[in-house]
Every structure is written in C-alpha cells, then in structure tokens.
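All values reported here derive from a predicted model rather than from experimental measurement. Order of listing sets the numbers, starting from 1, for every ligand and every atom in it.
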Amino acid sequence: MAKSLEPTPKHLYLSRRALLSGLAAAGSMVATGALVHLGFSRRRAVGARPRVAGATPWEDVTTYNNFYEFGTDKYSPAQRAGSLRTRPWTLSVEGAVRRPRVWDLDTLLASVTLEDRLYRFRCVEGWSMVIPWRGFELGAFLARHDPTSAAKFVELVTLHDPEQMPNQRTDVLDWPYVEGLRIDEARHRLAILAVGLYGDSLPKQNGAPIRLVVPWKYGFKSVKSVVRIRLLEERPRTTWEAAAPDEYGFYANVNPAVPHPRWSQAKERRIGELGKRDTVLFNGYGDEVASLYAGMDLRKDF
Ligand SMILES: Nc1nc2c(c(=O)[nH]1)N[C@H]1C(S)=C(S)[C@@H](COP(=O)(O)O)O[C@H]1N2
Ligand SMILES: [Mo]
C-alpha cells in the first residue's frame, strides 16, 4: 500500500497499522452500513490527521459544512462555531413517553456503548462524503424512555441561543432548526445519534456535542447540536419544509428519480473526487430501509 511508504513518526505508524487492519474491512462495509470497529488511535500528533480508507478526508469533513446557525456558506461553520459551548449540555427527551428525562450529556454518554460506523452522506445540494461517525442507535435510546402508543413521530431540535449561534440573529431560517422522523424510521438501526467522528469527539462545526445521522436521507435531516427530542402523535413541521415546502419534503429520502424543483438529483460530486457519481435510491441503503416505504408514492412523499 502506497500510504505506508509515507514518512511517518513511529507512534503514528503503530496506530496507523491498527487502523489499517480495521479499515480494509471498513471500506467494504460502506455499502451495508454494518457496524465496524475501526480501531482508531485515541491520540494523534499535533498536525497529523487521521485517515480512514474509503472515507472523505478529515480536513474536508470538518471544513466543508452546512450549519446555518454560523453562516450560510460552507466555510463559516469551521471558522465561527468556536462560540458554541458544548459543556455543560442537556438533552431533554419528552412528549409521548412514560419516562421523560432531561439528560446531562456526560451522564447520558456514560450510559451508552459507542460504535464507529462508516456511512455515506448525501447533501440535497448534490455533494456527498463518506464519514466515520461515532455514536449510538437512536431507536434503543428512545426505547429507554418508554414511548406510549401515541408516539408516531419524533421531533429533534437544535439549541436556540443567538449569543452562541450568531447567525440566529438573521432570519435566513426559522429558529430553532427542527427536524423530524416517523417513529419507525427513528427506530431503524441505521439511524444514530452521533457524538464523534474519525474516532474522536465531534467538532463543533459538525454539530457538537450531539447530532442526528440518518444515512438514507438527505443531509439536512441530520439536525445538529440537539437539545430536545420530542415524541409526537402529529408530524412535526420541519425547518426546511417551513422554508420551502415545494423543495424540501418531510421524508427527504435520497432519490435520483425525484429531482429537486431547481436541479436534478441524479448525480453527486463525492468531495475529493473528480467527476460525478450516480446517486443511488436511499443512498444505497435500500436493502435495509426500502420496506419502511412499501406502498408509498415517493414522488408525492418526497
Ligand atoms: N442545526 C442545523 N443542523 C443542520 C444544518 C443546519 O444548518 N443547522 N444543516 C444540515 C445540512 S443541509 C447538512 S448537509 C448537514 C451537514 O452536516 P456536516 O456539516 O456534518 O457534513 O447538516 C444538517 N444539519
Ligand atoms: Mo445539506
């Protein structure tokens, strides 16, 4: 492998060897979204960046972001998200549950087992990445709060604090940012709450300290810096639906056959690659998630 020929400090080489053993497997598991143990090293030398075979470079994952609370261009979040305070952090789980709870995030993290998963990620704008997330399953977490039979939908809400999130002083979106899933989507094992990436903590620009990842849906469903999860009988009104209902639907499943009104969704540019790839229905996770949508007209419920 050419990579191992690069001059590398010895401690990094050792950790890289550990990485490589996990990573050959990881690359092939992108297709299935299977759980992978990537074997990251916990520490890295200053200036050295972790690598994961098959994943988009760490530099791109952490500098090319959408996080409108810090500005609407891709580079503002990495430059401006420093004002976000991620500790102490509370996450409230409420609504149609028998056991509502306001979690201190560190208490929550001490009670879950984190997994590393390499997921494809497709933004509605036409670019894509492959990201090694660290997190835990949303469905299992919701179950701990004992949802009632009235729990048909899940709403997830970002922090609303213009002092920490300066672009909330503008009206580019209705704040706070709100996303939602149907309860069966939220319970699907591929849907995770992420608290890290590349085997490390979550950079603020990527939605620290906790954000949703739903790999078969467009990226905007992946609400960042979540403070509230509410189980609801009615479908929540999501931020992007409210902003442009003809352009952004509630489901937002990746679908090359349903164009955005202003552009095609047939192809995507994988960040770091030249040329374009074909976009795949459900972002390639159809074997696992298509049954959620049996009998639905995906052109109508886009
Ligand atoms: N709160 C909040 N969450 C958000 C957004 C946002 O602007 N605000 N942008 C969404 C969009 S459009 C995308 S593509 C992803 C980007 O996640 P990333 O920066 O980690 O790649 O975050 C999503 N979550
Ligand atoms: Mo996006």
Side-chain angles (χ1 to χ4, degrees), residues 55-81 83-84 86 89 91 117-135 155-162 164-168 170-181 191-198 200-229 236 238-244 247-249 252-255 260 262-263 265 268-272 279 283:
T56 302
W58 183 90
E59 292 85 340
D60 294 320
V61 173
T62 59
T63 59
Y64 190 84
N65 303 102
N66 271 332
F67 201 168
Y68 276 28
E69 285 84 342
F70 297 101
T72 53
D73 72 278
K74 302 282 172 292
Y75 305 99
S76 287
Q79 288 160 4
R80 299 173 69 196
S83 54
L84 176 64
T86 57
W89 190 271
L91 172 63
R117 294 188 182 187
L118 195 57
Y119 277 170
R120 286 183 296 270
F121 187 85
R122 170 62 156 82
C123 176
V124 74
E125 295 163 342
W127 50 270
S128 65
M129 297 190 184
V130 177
I131 304 180
W133 299 110
R134 173 164 282 186
E155 176 196 66
L156 301 99
V157 184
T158 296
L159 175 71
H160 190 190
D161 181 355
Q164 297 184 61
M165 297 178 147
N167 216 41
Q168 286 180 335
T170 73
D171 58 7
V172 287
L173 287 175
D174 267 350
W175 313 108
Y177 194 102
V178 175
E179 260 308 336
L181 297 171
I192 59 171
L193 289 170
V195 296
L197 55 79
Y198 266 97
D200 211 329
S201 56
L202 199 58
K204 292 176 179 179
Q205 58 269 32
N206 292 93
I210 185 164
R211 57 87 63 83
L212 179 67
V213 180
V214 195
W216 68 96
K217 292 178 181 281
Y218 289 119
F220 68 87
K221 297 299 284 185
S222 291
V223 47
K224 295 177 166 180
S225 305
V226 174
V227 292
R228 191 167 79 238
I229 298 178
T238 69
T239 297
W240 284 104
E241 273 186 290
E247 303 189 13
Y248 307 104
N253 291 316
V254 173
N255 191 338
H260 181 281
R262 292 185 277 130
W263 60 83
Q265 293 291 21
E268 66 198 58
R269 185 172 66 89
R270 177 73 50 86
I271 299 299
T279 287
N283 208 19

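- Side-chain contact of Ser128 with Arg270: a donor-acceptor pair under 3.5 Å is present, judged by distance alone.
- Close approach of ligand 1 to Cys123 (heavy-atom distance below 4.0 Å) involves ligand atoms 14 (S).
- Atoms of ligand 1 found under 4.0 Å from any heavy atom of Thr158, numbered from 1 in the order shown, are 1 (N).
- Closest to atom 21 (O) of ligand 1 among all protein heavy atoms lies Phe121 CE2, 3.8 Å.
- Distances from atom 19 (O) of ligand 1 to the heavy atoms of Arg211, Gln205, Lys224 put Lys224 nearest.
- Annotation for ligand 1: atoms under 4.0 Å from non-hydrogen atoms of Gly219 are 10 (C), 11 (C), 13 (C), 14 (S), 15 (C), 22 (O), 23 (C).
- Asn66 O, 3.3 Å is the protein heavy atom nearest to atom 9 (N) of ligand 1.
- Looking at every heavy atom in both residues, Val61 comes nearest to Leu197 through CG1-CD2, 3.7 Å.
- Asn65 places none of its side-chain heavy atoms less than 4.5 Å from the side chain of Phe70.
- Side chains of Lys221 and Thr238 form a contact here, defined as non-hydrogen atoms less than 4.5 Å apart.
- Near Ser222, meaning under 4.0 Å from one of its heavy atoms, ligand 1 places the atoms 4 (C), 22 (O), 23 (C), 24 (N).
- Annotation for Met129 and Asp60: closest pair CE-O, 3.6 Å, computed over non-hydrogen atoms.
- Summary of contacts: the protein heavy atom closest to atom 8 (N) of ligand 1 is Glu69 OE1, 2.8 Å.
- Each salt bridge (Lys or Arg N to Asp or Glu O under 4.0 Å) pair with one or both residues in residues 201-211, not counting sequence neighbours, would appear here, but there are none.
- For atom 7 (O) of ligand 1, the nearest non-hydrogen atom of the protein is Tyr68 N, 2.7 Å.
- Residues Val227 and Trp89 come closest through the heavy atom pair CG1-CZ2, 3.4 Å.
- Among Tyr248, Trp240, Tyr177, the residue whose heavy atom lies closest to atom 6 (C) of ligand 1 is Tyr177.
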